[in-house]
Student: 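Sharing a structure with you now.
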Amino acid sequence: MPANKKLLVLPGDGIGPEVMREVRRVIDWMDRRRTVTFDLTEDLVGGAAIDARGTPIADKTMEAALASDAVLFGSVGGPRWEKLGFDMRPELAILRLRKELDLFANLRPAIVLDPLVDASTLKADVVRGLDLMIVRESTGGIYFGEPRGVETLADGSKRGYDTETYTTAEIERVSRVAFELARQRQGRVCSVEKANVMQSGLFWREVVTALHAREYADVSLSHMYADNCAMQLVRNPRQFDVIVTSNIFGDLLSDLASMLTGSLGMLPSATMGAPDSAGRRRALYEPIHGSAPDIAGKGIANPMAQILSFAMLLRYSFGMDEDAKLIERACTNVLASGLRTADVMAPGTAKVGTSVMGEAILRELDKLAA
Ligand code: IPM
Ligand code: MG
């Protein structure tokens with residue numbers, strides 16, 4: 001029997017709990033097949049935790065996250081909690097998890113699956129076969145930089161400010177993740193900043209260039225300004241293999257890249273920390289879509305991004321590549337069979353809700369594992 005794997009599940013708000021329910025069915029399916037047993041804990045985060053405990057993430061939840069082998073996160077936030085003030089935002093849950101678990105490399109793939117090539121708003125010829133990876137720095141930059149605040153000026157008017165800041169070490173460790181991923185892919189990294197405007201951007205470029213020359217000369221490295229990158233992603237996205245960029249640019253560019261694939265409802269992500277002495281990395285997995293309050297509770301959300309996040313978890317945290325592939329193949333096959341949630345509907349396909357989609361994936365898993 002393999003050792004139990006400690007898994008913390010945090011469904012959160014909006015569609016989070018609905019799509020996580022479908023992941024739980026996949027986990028139950030795996031337990032029944034006895035390939036693995038999960039030691040699973042579920043807890044509240046975001047608005048749900050604010051309602052129940054008066055905080056977006058309780059200290060005991062943070063402790064559980066630190067003690068677990070991997071965290072599977074849903075999504076947080078919604079209009080209900082928007083008026084509580086800056087210090088009571090549901091989003092603080094994910095920001096605190098990233099910061100305190102030191103999860104500095106956010107891996108955001110944008111992959112166009114063949115059955116979905118027509119779901120993109122871009123022409124099929126532009127996106128067919130797309131497979132790019134954005135590596136977004138996720139514990140630094142303007143998200144956490146000091147000083148930040150709003151101050152009152154001498155004339156009584158106000159001034160709001162945030163700080164973009166990166167150290168050599170912060171840039172190097174996230175760039176290493178990008179270079180190492182590129183070695184397993186097409187061997188190309190594009191580093192993205194605004195070296196033409198920002199001092200921290202110029203510094204970013206210098207650090208990446210030096211690291212590349214020192215340790216990763218076998219990987220091809222290019223540089224691009226962030227605005228140009230946004231344009232190039234829409235013009236010709238297949239020119240990219242791995243993009244490495246700061247927290248804020250990665251936030252923007254990954255939303256943009258996700259829509260190349262047709263739907264936010266399809267895309268998983270992983271956020272990783274540094275490897276420990278045994279080579280294991282702390283990690284959190286979450287879909288790229290948010291809590292989608294507009295469709296929450298209607299049973300129509302696409303569960304695939306959450307299920308595929310679980311597949312990523314199996315691959316990167318538990319070394320279960322076969323099981324990850326099985327889940328990914330089941331999702332692709334269900335799409336190819338013509339079943340679609342509303343977000344990826346196309347002419348000639350049949351519209352289904354969240355739980356019917358989950359059921360179809362389970363049935364496909366049965367078939368593939370038979
Ligand atoms: C994301 C989200 C978060 C971010 C929010 C919810 C804080 O947009 O994961 O991309 O800005 O990082
Ligand atoms: Mg975002």
Side-chain angles (χ1 to χ4, degrees), residues 10-17 19-20 44-50 55-57 61-62 65 71-82 84-110 132-145 148 162-166 170 174 177 192 226 229-230 233 243-261 263-273 283-294 296 301 305-306 308-309 312-313:
L10 302 172
D13 308 319
I15 61 170
V19 294
M20 198 66 90
L44 302 173
V45 276
I50 292 177
T55 172
I57 184 161
T61 313
M62 284 304 307
V71 179
L72 186 65
F73 191 89
S75 46
V76 290
R80 264 184 63 197
W81 302 284
E82 260 160 27
L84 295 180
F86 202 66
D87 296 325
M88 206 37 98
R89 286 169 296 151
E91 289 80 1
L92 289 173
I94 185 65
L95 296 175
R96 184 172 174 202
L97 280 161
R98 286 178 191 156
K99 193 68 180 175
E100 290 184 23
L101 299 182
D102 203 17
L103 306 172
F104 60 85
N106 186 197
L107 277 48
R108 299 195 158 185
L132 73 83
M133 177 72 89
I134 295 182
V135 179
R136 165 192 179 190
E137 200 289 327
S138 45
T139 50
I142 202 162
Y143 271 58
F144 298 97
R148 51 170 48 211
D162 295 272
T163 305
E164 174 79 344
T165 149
Y166 275 109
E170 286 175 316
V174 73
V177 172
V192 171
C229 182
L233 275 169
I243 290 173
V244 63
T245 190
S246 63
N247 207 343
I248 186 91
F249 291 147
D251 182 42
L252 301 174
L253 295 172
S254 63
D255 261 31
L256 192 159
S258 69
M259 273 317 285
L260 302 173
T261 71
S263 172
L264 276 171
M266 289 300 307
L267 292 174
S269 79
T271 317
M272 329 278 284
L284 176 148
Y285 301 83
E286 59 179 319
I288 287 183
H289 62 66
S291 56
D294 52 322
Q306 191 76 62
L308 292 170
S309 297
M312 266 184 119
L313 180 154

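Note that ligands are numbered from 1 as they come in the structure, with each ligand's atoms numbered from 1 the same way. A quick note: this is a predicted structure, and the numbers were derived from the prediction, not measured.
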Student: Quick one: look up the protein heavy atom nearest atom 8 (O) of ligand 1 and list residue, atom name and how far away it is.
Tutor: D251 OD1, 3.3 Å
Student: Is R108 close enough and on-axis enough to Y285, meaning under 6.0 Å and within 45°, for cation-pi?
Tutor: no
Student: To the nearest 0.5 Å, what is the distance between CZ (F249) and CD1 (I243)?
Tutor: 13.0 Å
Student: Which residue supplies the protein heavy atom nearest to atom 4 (C) of ligand 1, what is that atom called, and how far is it?
Tutor: Y143 OH, 3.4 Å
Student: Decide yes or no on side-chain contact (heavy atoms from CB on, under 4.5 Å) for M133 and L107, but give the supporting numbers first.
Tutor: CA-CA 7 Å; M133 177 72 89; L107 277 48; 3.9 Å; yes
Student: Kindly compute the distance separating CG (L253) from CD1 (I248), expressed to the nearest 0.5 Å.
Tutor: 10.5 Å
Student: Hey, looking at atom 9 (O) of ligand 1, which of R108, E91, R89 has the closest heavy atom?
Tutor: R108
Student: Between E137 and R98, is the closest basic N to carboxylate O distance under 4.0 Å?
Tutor: no
Student: Atoms of ligand 1 less than 4.0 Å from R136 heavy atoms?
Tutor: 1 (C), 4 (C), 9 (O), 10 (O), 11 (O), 12 (O)
Student: When you measure from the Mg ion (ligand 2) to the N, O or S atoms of D251, does any of those distances fall below 2.8 Å?
Tutor: yes
Student: Check whether any heavy atom of R98 sits under 4.0 Å from an atom of ligand 1.
Tutor: yes
